[in-house]
Amino acid sequence: MAKGDWNDLTCHVWAHVASKISNQTQVKQLHAQLIQNSLHHHYSWVALLINTCTRLRGPLSCTRTILRYSTATPSPNIYAFISALEYYYTLPVCKEQEVSSLCHQLLASANKPAALYPILIKSSGKAGILFHSHLVKLGHHHDPHTRNALMDSYAKFGPIEAARKLFDEMPERMAEDWNSMISGYWKWGKEAEACCLFNLMPENKRNVVTWTAMVTGSANMKDLITARRYFDLMPRRNVVSWNAMLSGYAQNGFAKEALHLFLHMIKAGDGIEPNQITLVAVISSCSSLADPCLADSVVKFLDKKKIQLNSFLKTALLDMHAKCGNLETAQKIFDEFGEHRNCTTWNAMISAYMRFGNLALARELFDKMPVRNVVSWNSMIAGFAQSGQPAMAIQLFKEMIAITNLKPDEITMVSVISVCGQLGALEMGNWVVNFIVENQIKLSISGYNTLIFMYSKCGSMKDAERIFQEMKVRDTISYNVLVSGFAAHGRGIEAVELMSRMRKEGIEPDHITYIGVLTACSHARLLKEGRRVFESIKFPAVDHYACMVDLLGRVGELDEAKRLIDRMPMEPHAGIYGSLLNASTIHKRVELGEFAANKLFELEPSNSGNYVLLSNIYASAERWGDVDRVREAMRKLGVKKTTGWSWVEHDGKVHKFIVGDRSHERSDDIYRLLEELCRKMGRLGYIVNKSCVLRDVEDEEKEEMVGTHSEKLAVCFALLVSEVGAVVRVVKNLRVCQDCHTAMKMISMLEGREIIMRDNNRFHHFIDGQCSCRDYW
DNA sequence: GTAGGGTTAG
């Protein structure tokens, strides 16, 4: 080959060579070969080299060299320069000044046709606006296309006001100018301005792009109704318009609508063929429906239409298989990616493992991945939070903010807030809220809803109400979370009032609201209000009946409760009989209790609580023979009483206890206090098998069956640290035993402090020797 | 190579 020669054949050969390059050393070798052949001045070579670097996404120094080199060649290649610029600008080490000076060098270095400026600006991404002053200097900014390109850069990357200024200064506007401006407004969340401009735009200038921009804009504001209206009104649709509508549905959780629209598209879509992007939306909808049959038909469709799989499609497929329960296929797709995996692929695989409960493999993958983004951290934090490992979730969050430059976003914070709620860790919750404010993390409605949830789970309804009041826009969930909070804290009146307010503000209560309000009435013994609420439900579900049975039972109307069960239009579930059994225990109704318990033994034979409750009913009626019979039945069936953990938060740290626990550093003090407490309360207490057993003073043979004693340890610890003078929050997951309840009342009276106890879903406020929940013990 | 559509985390 003659030196410096360049023709189609050599181009083809060298392009083939370049396409095989897989590492930086080979790039350098190719560069050396070019120099050897004196081809290095030819701009097509520069383009080839830079494209290779771009493909590898790694050899940074090489790209920088070539970037400088491409402006220094006698005939600089604008396209090669753009490729390099685009790539370089996405790198974290990119220096804007450097880019700007290179741009100016290039612009000043040679005469180029005016048509190149818009291309240069468009292709430069965020760097496009750096050309502005230069173009004004050269007088090129009056060219309509250049001007549009500049305006578009401002519209995309901000400030949007600068774009509007250019737009207003235009003597006449092309459709592209209107479209750029409208899309810009949508991009910056300025819905009103976008719609206003759309209405101002002359009707004959609106084209398929304008309409599609309106569809996408509305969909991004989560207003799918309006998006669909624009879609239906469009005079002409192409594949992009269909994709916009499909993706709108898919990204906003309207999977069924997306699939429905897709079927419509392939049946009567004006002869429009679905492409890769269409299928990405379709596959992601199949993922959220988690239906393996649907997954199968999509795979067949891809095969039939011979659609090429790109990395977006492959990742979507990986996710779909994982969500449909097929981890092997997901794993296979991940393995086939090989070196071409990107961050999203890794993340999809990590969340697949998390979904299958394989935390160890998820962690291994997370540690192995070369680059982690916010989603990677979020997947891990959420995964641990949802797998009952809240401490690990918190640790990862701390690592994230300590060792990475990544900024936690709303999704990170929602996981962390929810962990604080799970743990009942109020101090940590407050710290997290502070973090959100300091780092200016914007929360959406669902973010605020999580905050309300957290505060009510941490026992601070005051804060929960404050957040609710501060919200400018609320949805059904906001009301439901607060109503459930009131219910858990036994504040019935507030729950009923909140539902009225909800109706007044034009938000219709849903079945969850009704469950919350009825539960609140039940805990506060508001029979009249509860009846009214129940009667206002148009189609009461089985859970609403359960709440009503619970309410009737607690206030002692057990016969009416039984009649309601008999009248129910559907089959009663375990919750219904559970409420009846519980009420029978409280009101010592042996026969009704037996009836409910027998139903429950059929429905859930291994639930130990039912046996314990029945045995308690017999005990209260002094039918010791029956007590023994139930215990014997439990033993024979191998039903074990489940034990639970109790938590206390102190000084921002959560302390965890279980029966017989000796692991706490203040364990000795705790047990000493426990004995003292038992003595003070006029009961005999002693420690057996490292755990605490209480015996009734009057009947030394009768061991306490209720309570797991882990809460006793928790209570004692809470008392030990009580000198801090703060509200003590004892958090546990089983019903508080009577001793603890009595102890709490005593302490609240003697020390004049408020004590808040969390008992699974309920809260008990002890003030001045009284407990807030009237139906309790 | 002027404007519109893409995967993962709650």
Side-chain angles (χ1 to χ4, degrees), chain A residues 78-79 82-83 115-123 143-153 155-156 173-184 186-187 205-217 219-220 230 234 237-248 250-251 253 274-284 287 310-320 322-323 342-352 354-355 373-383 385-386 408-418 443-444 446-447 449-450:
Chain A
I78 191 115
Y79 300 116
I82 290 167
S83 302
L116 277 177
Y117 289 112
I119 305 167
L120 182 60
I121 297 166
K122 291 277 165 198
S123 318
D143 169 64
H145 294 300
T146 307
R147 211 172 42 197
N148 172 267
L150 259 176
M151 190 194 81
D152 194 64
S153 284
K156 279 201 177 78
R173 299 173 193 98
M174 314 175 284
E176 294 91 309
D177 297 317
W178 288 91
N179 292 344
S180 291
M181 202 59 227
I182 291 173
S183 305
W186 278 120
K187 196 185 156 65
K205 276 199 178 169
R206 287 179 198 157
N207 57 19
V208 64
V209 179
T210 325
W211 286 97
T212 308
M214 294 309 280
V215 171
T216 311
N220 285 341
Y230 283 118
M234 286 171 87
R237 282 178 280 269
N238 60 17
V239 67
V240 181
S241 333
W242 283 92
N243 290 348
M245 194 64 233
L246 279 169
S247 307
Q251 288 163 3
N275 62 14
Q276 292 177 324
I277 296 173
T278 320
L279 266 300
V280 167
V282 170
I283 292 170
S284 101
S287 310
N310 61 16
S311 71
F312 282 98
L313 260 173
K314 282 187 203 159
T315 308
L317 277 169
L318 188 164
D319 184 59
M320 177 182 77
K323 285 190 178 140
N342 56 39
C343 204
T344 313
T345 325
W346 284 91
N347 293 344
M349 198 64 225
I350 287 175
S351 57
M354 279 294 187
R355 200 168 296 109
N373 63 10
V374 179
V375 179
S376 324
W377 287 90
N378 289 354
S379 305
M380 293 300 288
I381 293 170
Q386 287 156 16
D409 62 7
E410 184 184 3
I411 294 167
T412 326
M413 300 325 291
V414 163
S415 290
V416 177
I417 296 165
S418 141
L443 295 187
S444 67
S446 73
N449 291 346
T450 315

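Below, all heavy atoms of this structure are taken into account, side chains as well, without hydrogens, waters or symmetry copies.
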Which of the following nucleotides, [options], is nearest to the side chain of [X]?
X      : options              : result
A:V208 : B:dA3, B:dA9, B:dG4  : B:dG4
A:S379 : B:dG5, B:dT7, B:dA9  : B:dA9
A:F312 : B:dA3, B:dT7, B:dG4  : B:dT7
A:N238 : B:dG10, B:dG4, B:dG6 : B:dG4
A:S247 : B:dG4, B:dG5, B:dT8  : B:dG5
A:V240 : B:dA9, B:dG4, B:dA3  : B:dG4
A:S444 : B:dG5, B:dA9, B:dG10 : B:dG10
A:A175 : B:dT8, B:dA3, B:dG5  : B:dA3
A:N179 : B:dG5, B:dA3, B:dG4  : B:dA3

Using a cut-off of strictly less than 4.0 Å, decide whether A:K323 has a side-chain nitrogen or oxygen near OP1 or OP2 of B:dT7.
no
Can you tell me if the side-chain N/O atoms of A:R206 get under 4.0 Å from OP1 or OP2 in B:dA3?
no
[X] near the nucleic acid: base, sugar-phosphate alone, or nothing, with a heavy-atom cut-off under 4.0 Å?
X      : result
A:D409 : base
A:A281 : nothing
A:Q251 : sugar-phosphate
A:K156 : sugar-phosphate
A:Q276 : base
A:N342 : nothing
A:R147 : nothing
A:S446 : base

Looking at B:dG4, does its base get a donor-acceptor pair with the side chain of A:N243 below 3.5 Å?
no
So, does the side chain of A:N207 form a donor-acceptor pair with the base of B:dG4 at under 3.5 Å?
no
With sequence neighbours left out, write down each residue that passes ring pair (Phe, Tyr, Trp, His ring centres under 6.0 Å) with A:W346, or none if nothing qualifies.
A:F334
Please enumerate all residues that pass ring pair (Phe, Tyr, Trp, His ring centres under 6.0 Å) together with A:F312, with sequence neighbours excluded.
none
Interatomic distance where [atom1] belongs to [X] and [atom2] belongs to [N] [whole Å]:
X      : N      : atom1 : atom2 : answer
A:M413 : B:dG10 : CE    : P     : 16 Å
A:I277 : B:dG6  : CD1   : P     : 7 Å
A:D177 : B:dA3  : CG    : C1'   : 9 Å
A:E410 : B:dA9  : CD    : C1'   : 12 Å
A:W377 : B:dG10 : CH2   : P     : 17 Å
A:N373 : B:dT7  : CG    : C1'   : 12 Å
A:M320 : B:dG6  : CE    : C1'   : 16 Å
A:K205 : B:dG4  : NZ    : C1'   : 18 Å

Mark yes or no for whether A:E410, through its side chain, and A:S444, through its backbone, hold a donor-acceptor pair below 3.5 Å.
yes
Keeping A:K156 on the side-chain end and A:S183 on the backbone end, is there a donor-acceptor pair under 3.5 Å?
no
Just checking, is any N or O donor in the side chain of [X] or [Y] under 3.5 Å from an acceptor N or O on the other one?
X      : Y      : answer
A:S180 : A:D177 : no
A:T344 : A:N347 : no
A:T278 : A:N243 : yes

